[in-house]
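Order of the sequence lines fixes the chain letters, A, B, ..., with proteins taken first and strands second; residue numbering starts at 1 for each chain.
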There are 2 protein chains.
Amino acid sequence: MLKIAIDAMGGDFGPEPIVEGLIEALRNNINFTAIAVGNKEKLLKLIPPTFLNRIEILESEDVISMHDSATDALKRKESTIYKAIELVREGKADAVVSAGHSGATMSLATLRIGRIKGVSRPAIATLMPTSENQNTLVLDVGANVDSDAKNLFEFAIMGQAYAQSVLRLDEPIIGLLSNGEEESKGNEVTKEAYKLLSKIPNFGGNVEGSDIFKGTVDVVVCDGFVGNILLKTAEGVADTIGKIIKKSLKRSLISIAGAVLMRKVFKNLKVRVDYAEYGGAPLLGVKAPVIISHGKSNPKAIKNAIFQAINAASSNLDSIIEQRLVKYSTKEDTL
Amino acid sequence: MLKIAIDAMGGDFGPEPIVEGLIEALRNNINFTAIAVGNKEKLLKLIPPTFLNRIEILESEDVISMHDSATDALKRKESTIYKAIELVREGKADAVVSAGHSGATMSLATLRIGRIKGVSRPAIATLMPTSENQNTLVLDVGANVDSDAKNLFEFAIMGQAYAQSVLRLDEPIIGLLSNGEEESKGNEVTKEAYKLLSKIPNFGGNVEGSDIFKGTVDVVVCDGFVGNILLKTAEGVADTIGKIIKKSLKRSLISIAGAVLMRKVFKNLKVRVDYAEYGGAPLLGVKAPVIISHGKSNPKAIKNAIFQAINAASSNLDSIIEQRLVKYSTKEDTL
């Protein structure tokens, strides 16, 4: 039976939404148990007695806050996130979910759990909604800056493997994010990456920012600096459109009546763009599944993050990534 | 009196929307005349006789199409865009507006009109709407890739000068687009650019993708590869949200009734995100105002692009940029 480690205290809202999400996940899936890392007294108050046989608590009171630096986090061996990751390192858990300090989670996972053979830099992947009721996996959305062509090639392999073995897509197509579709478009790094990616089956060439939301390809590869800006831009636009609609609404009673009638439409829209639906962002390239959840995760987001961790832990993602990195790298690339 | 040169044939929809937009502009502003470059016979059919005393026609039948390469365009000296730009070079017009091949416009403007002293690379600037009924000027959105720190510094000077002397903002604040607000965030180039930008008054530090739509700063500076992706991402998200709303609407009569009542809200939303409101994107860093309009520009977009050209031509933008580049560059930077 799979065992999932959870940093139960790291989120912005304390242990409540995390534990609630965990209970929901346990209720919906009887094939796993959990180790919650956090203050025993506080956690015990939140866990219904009937679930105590499926949740082990590992005591820790030290929580890395958003204001701490990721490098400091590496030294705080008694912290919830350090201990949760150590459980995976020691083989006591199969995967880890954290809504805590994402930089700390990333650094600790990379250093303590370790990288898959052949991976230079792990990357954070995230799902973006398309108008066609599907999703596009985008990576890297913030683990790295100044990625080189070889890094982007590795991201492509990792993203495609994840889309295939965890998201269960049949033959996922990869796109390389660029400033135009033509092969001639791109900056120095992406032009070089284009050549490396051409060796991978189902490489769909360059894609533009708008293609992510059209669902032109299944996996979009980019540098983490660009990916972070892309993610924040998308959130900013969605947020602004929401605000403009709300402001305009206030100006007329008729519009308010209209909005009431359109409730379902807005609810549907919210579901499509709500990150809680996807749970969290997997850190790809480390030896065990690590899911990085948003600090403001609600119980639903945590539940879905746990399901993601379970799906990844049930797959052979690591070995697929390792094999393909060897298969599609030519000798000169790996030198 | 100002004279504006217009590539009357370069847009995706032929001369009709261009001429219609020009007429609208002439109707609303009596202080300029125009030179329309294109097929005389076709254009004469579209121009009401009362406007013929304010529109001069310069014959040209060769139109650079979207499929032509920008380098080919440099050789076609009889093309509408070449001739329109040459009018500015020869001092026969004060500014130029083109809805044609943007790469060709950019290259021709840079090579034929020339760069302002001290500018290494011209940049394309565009206005993005914020939820606060204001706009953020973003540059570069596609003229350059692989910009270095000095290029970004120049973009900042050019953007701030444009915001001040053309958009009439009092003390425009500049932000440097990065993957986080802290000074420590960024890639190699933006970290170096941060130091250079710190010499400019009203530098607001690093900003994130979402800040553009919050209106945190007035001018956002980035490399053109990133800016293009940002722009396409923003368009993609807005488009997707529109599609999701439309799709959901079809599922219920009540929602349709709601949408009818909310017409004004949607109209308001459309106005806020419609590029036609802004007209076109100025190419900053060349010696005369060059406005690059969308290929699919409607008459309103062309009208507003012409007004932008007039505003820029009435300002002392060029000399402000030239002076500030000297003023805020230290000796070692300019070497």
Practice item. Please name all residues satisfying side-chain hydrogen bond (donor to acceptor under 3.5 Å, both in side chains) with A:D68, sequence neighbours left out, ordered by chain then number. Key: A:R76
Point to revise | For B:D146, side-chain hydrogen bond (donor to acceptor under 3.5 Å, both in side chains) partners two or more places apart | key: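 B:D146: no side-chain hydrogen bond (donor to acceptor under 3.5 Å, both in side chains) contacts found.
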Check your understanding: Taking A:N144, A:V226, A:L230, A:L177 one by one, which has the highest count of heavy-atom pairs under 4.5 Å against chain B?
Key -> A:L177
Review point. Between A:T105 and A:V290, does a side-chain contact (heavy atoms from CB on, under 4.5 Å) hold up when you go through it step by step?
Key: CA-CA 8 Å; A:T105 308; A:V290 176; 3.9 Å; yes
If I compare all heavy atoms of [X] with all of [Y], which pair ends up nearest, and what's the gap?
{"X": "B:L152", "Y": "B:A193", "value": "CD1-CB, 3.8 Å"}
{"X": "B:F155", "Y": "B:S147", "value": "CE1-OG, 3.8 Å"}
{"X": "B:K150", "Y": "B:S120", "value": "NZ-OG, 3.4 Å"}

Practice item. Please determine, among B:V145, B:V237, B:I212, the option with the most heavy-atom pairs under 4.5 Å with chain A. Key: B:V237
Point to revise | All pairs passing salt bridge (Lys or Arg N to Asp or Glu O under 4.0 Å) where residues 207-232 of chain B contributes a residue, at least two apart | key: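 Sorted result for residues 207-232 of chain B: A:E208-B:K232, A:K232-B:E208.
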Point to revise | Sorted by number, residues from residues 178-187 of chain B in contact with chain A (heavy atoms, under 4.5 Å) | key: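 Contacts with chain A: B:S178, B:N179, B:G186, B:N187.
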